[in-house]
2 protein chains.
Amino acid sequence: MPAIPRYYQAKTRLLDLVNELPDNTPFPPERELSDVFGMSRTTIRKALDELVLEGRLIRGAGRQGTAVAPRKQVHRIGLDALVQDLAAREQVVVRTSGAQDVINVESVLVRRDEPVGVRSTCLRASRFPGFAERYDGTTPLRQFLSDAYEIRFGDVHPWCTTALATPRVARLLDVRPATPLLSVAWLGHDLRGAPVERSWVVLRGDRAHLTMQGLRLSAPARP
Amino acid sequence: MPAIPRYYQAKTRLLDLVNELPDNTPFPPERELSDVFGMSRTTIRKALDELVLEGRLIRGAGRQGTAVAPRKQVHRIGLDALVQDLAAREQVVVRTSGAQDVINVESVLVRRDEPVGVRSTCLRASRFPGFAERYDGTTPLRQFLSDAYEIRFGDVHPWCTTALATPRVARLLDVRPATPLLSVAWLGHDLRGAPVERSWVVLRGDRAHLTMQGLRLSAPARP
DNA sequence: CAGTGGTCTAGACCACTCT
DNA sequence: GAGTGGTCTAGACCACTGG
């Protein structure tokens with residue numbers, strides 16, 4: 001392995017170029033960069049791939065070509081809003097899987113007409129009879145469950161990690177498959193501790209930051 | 001673009017193979033897969049790359065080859081422990097940049113002898129005179145600042161997103177550059193609201209989940 | 001139609017590790 | 001030494017988009 005791979009040298013030079021150009025400036029075609037840099041197009045593409053993953057470049061289909069990504073407008077999305085299902089949604093879909101006693105509610109989170117995340121909640125169908133018919137898809141889910149089924153929710157302990165976009169999620173979020181995403185999941189229990197919901201959210205890290213405003217810190221341990 | 005790229009067909013078939021094999025089973029060499037699947041090694045590698053990113057395969061140098069990744073031992077790391085600097089650390093380094101009045105404290109988070117994250121905190125040098133000489137590197141940072149400089153911390157509002165491993169971080173975490181990571185950042189203020197610390201943690205998503213136990217949920221909005 | 005990015009091929013050389 | 005993954009090359013065809 002070379003000490004510094006050529007694709008990484010290319011990436012560094014291309015990054016300098018990106019930093020000099022204004023937003024949305026068309027970027028040189030891959031074949032031209034390949035020629036100018038004296039590297040194969042494959043090597044140039046590997047460098048460009050990482051810059052795209054980092055959100056510095058945007059690639060369009062056909063004659064559109066590559067362009068300098070506009071300074072990313074990062075939307076701050078609160079963990080509270082995710083759990084309470086208060087974020088702006090689109091394409092809310094309710095699916096039922098009778099054999100497995102599972103109801104799935106899926107929605108696309110939207111900010112400024114851009115898809116930034118996917119929210120998916122699973123419920124036990126036997127606990128929520130008639131859910132698919134009664135749920136209108138606009139009320140925040142927890143509020144609906146409270147109102148229609150008298151559920152009282154207890155604390156949640158969400159956990160957070162990274163995930164790669166499946167082809168399906170990639171289509172919903174307008175990214176390429178295998179794009180890294182931020183994943184947040186939690187189990188919702190009622191006040192007696194019985195599980196009620198299992199939820200999962202993925203967010204585009206380049207479009208949204210997850211904020212945690214309600215964090216209670218423990219007092220520092222003292223001897 | 002083909003409806004289904006060949007590399008994705010390969011990935012699907014390879015994933016089936018991974019699921020059938022026990023942990024740590026040596027995987028067929030790329031050239032053999034290329035031959036058996038009737039695809040070029042480049043295409044096979046693109047499929048393998050994604051399986052490696054997803055933590056299903058592990059690639060070793062030289063004659064080691066590729067192997068089925070052991071079922072991932074995911075360590076649950078609390079947000080509280082990150083902020084309070086209570087997680088197990090190694091290689092604690094204090095750097096000072098006199099010209100910019102900045103002290104940087106960097107440490108590698110460790111679980112079961114595996115690096116799972118990097119923690120980095122910046123402090124104003126002028127506010128903490130003699131820090132580099134006084135800090136022993138073992139006391140949790142917030143506790144030390146409390147004890148040695150009488151700092152009393154207020155609430156924090158951390159935010160969370162994804163990031164790509166820089167070559168430097170990649171070396172610390174034993175991953176390849178551009179591996180997607182989970183990023184957590186926060187600003188620490190004292191009780192008067194003055195900023196005290198700026199901290200940043202990156203975690204290997206395949207090794208660690210960030211848990212948020214202290215989440216206070218707002219009451220659902222009611223009309 | 002021309003040019004773009006997306007995919008794919010069939011080679012090649014290198015550094016590394018195991019036997 | 002043999003075989004592995006990591007990198008790189010010089011081509012090729014395709015789907016798509018803009019003028």
Side-chain angles (χ1 to χ4, degrees), chain A residues 1-14 18 24-53 55-69 165 167 170-171 174-179, chain B residues 1-14 18 24-53 55-69 165 167 170-171 174-179:
Chain A
M1 183 188 331
I4 299 181
R6 300 193 74 187
Y7 82 85
Y8 199 83
Q9 301 175 27
K11 182 184 175 184
T12 304
R13 293 171 63 182
L14 291 172
V18 168
N24 297 309
T25 307
F27 212 65
E30 296 171 354
R31 288 165 178 84
E32 181 182 325
L33 292 171
S34 162
D35 202 28
V36 172
F37 281 31
M39 302 178 189
S40 75
R41 193 177 151 219
T42 309
T43 302
I44 295 293
R45 269 185 68 79
K46 185 160 182 176
L48 290 175
D49 282 345
E50 293 193 3
L51 292 174
V52 169
L53 267 188
R56 304 304 305 269
L57 288 176
I58 289 185
R59 285 202 271 225
R63 197 76 181 253
Q64 290 180 197
T66 306
V68 176
R171 195 174 47 78
D174 193 25
V175 297
R176 301 185 44 69
T179 297
Chain B
M1 184 189 327
I4 299 180
R6 300 194 73 186
Y7 83 86
Y8 198 82
Q9 300 176 26
K11 181 183 175 184
T12 304
R13 292 171 63 183
L14 291 171
V18 169
N24 297 310
T25 307
F27 213 65
E30 297 172 353
R31 289 165 178 83
E32 182 181 326
L33 292 171
S34 162
D35 202 28
V36 173
F37 282 30
M39 303 177 188
S40 76
R41 192 178 150 218
T42 308
T43 303
I44 295 293
R45 268 185 69 80
K46 185 160 182 175
L48 290 174
D49 283 345
E50 292 193 3
L51 292 174
V52 170
L53 268 188
R56 303 304 305 267
L57 288 176
I58 288 183
R59 285 202 270 224
R63 195 76 182 254
Q64 289 181 196
T66 306
V68 176
R171 194 174 46 78
D174 193 25
V175 297
R176 301 186 44 70
T179 297

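Below, chain A is the first sequence line, B the second, and so on; all start at residue 1.
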Specify the closest pair of heavy atoms between [X] and [Y], including all atoms of both residues, with the distance to one decimal.
| X | Y | result |
| --- | --- | --- |
| A:Ser34 | A:Ile44 | CA-CG1, 3.7 Å |
| A:Phe37 | A:Arg6 | O-NH2, 4.4 Å |
| A:Val68 | A:Leu57 | CA-CD2, 3.9 Å |

### Residue pair B:Val18 / B:Phe27, side-chain heavy-atom distance below 4.5 Å
yes
#### Entry: Any side-chain heavy-atom pair of B:Asp49 and B:Tyr7 under 4.5 Å
no
Check this one for me: any side-chain N or O of [X] less than 4.0 Å away from OP1 or OP2 of [N]?
| X | N | answer |
| --- | --- | --- |
| A:Arg63 | C:dA2 | no |
| B:Gln64 | C:dC18 | yes |
| A:Thr66 | C:dG5 | yes |

[X]: which residues meet the side chain to side chain contact (heavy atoms under 4.5 Å, CB included) condition with it, sequence neighbours left out?
| X | value |
| --- | --- |
| B:Ala170 | B:Ala165, B:Val175, B:Pro177 |
| A:Ala47 | A:Ala10, A:Lys11, A:Leu14 |
| A:Val36 | A:Glu32 |

To the nearest Å, give me how far apart [atom1] ([X]) and [atom2] ([N]) are.
| X | N | atom1 | atom2 | answer |
| --- | --- | --- | --- | --- |
| B:Leu57 | D:dG6 | CG | C1' | 16 Å |
| A:Phe37 | D:dT9 | CZ | P | 13 Å |
| A:Arg176 | D:dA15 | CZ | C1' | 13 Å |
| A:Asp35 | C:dG3 | CG | C1' | 15 Å |
| A:Arg6 | D:dA10 | CZ | P | 9 Å |
| B:Ile58 | D:dG6 | CD1 | P | 13 Å |

### Message
Between the opening five pairs and the closing five pairs of the helix from C:dC1-D:dG18 to C:dC18-D:dG1, how far apart are the helix axes, to 10°?
### Response
0°
### Task
Could you grab the distance from atom CE of A:Met39 to atom NZ of A:Lys46, nearest 0.5 Å is fine?
13.0 Å
### Task
Strictly below 4.0 Å, heavy-atom distances to any atom of DNA chain C: list the hits from residues 26-34 of chain B, or just say none.
B:Arg31
### Message
According to salt bridge (Lys or Arg N to Asp or Glu O under 4.0 Å), who are the partners of B:Glu30, at least two apart in sequence or on a separate chain?
### Response
B:Arg41, B:Arg45, B:Arg59
## Note on the structure
Sorted by chain and residue number, the side-chain hydrogen bond (donor to acceptor under 3.5 Å, both in side chains) partners of A:Ser40 (sequence neighbours excluded) come out as A:Thr43
### Message
Can you list, in residue-number order, the parts of residues 41-49 of chain A that come under 4.0 Å of DNA chain D, counting heavy atoms only?
### Response
A:Arg41, A:Thr42, A:Thr43, A:Lys46
#### Entry: 5'-most by nearest nucleotide on DNA chain D - A:Gly62 or A:Tyr8
A:Tyr8
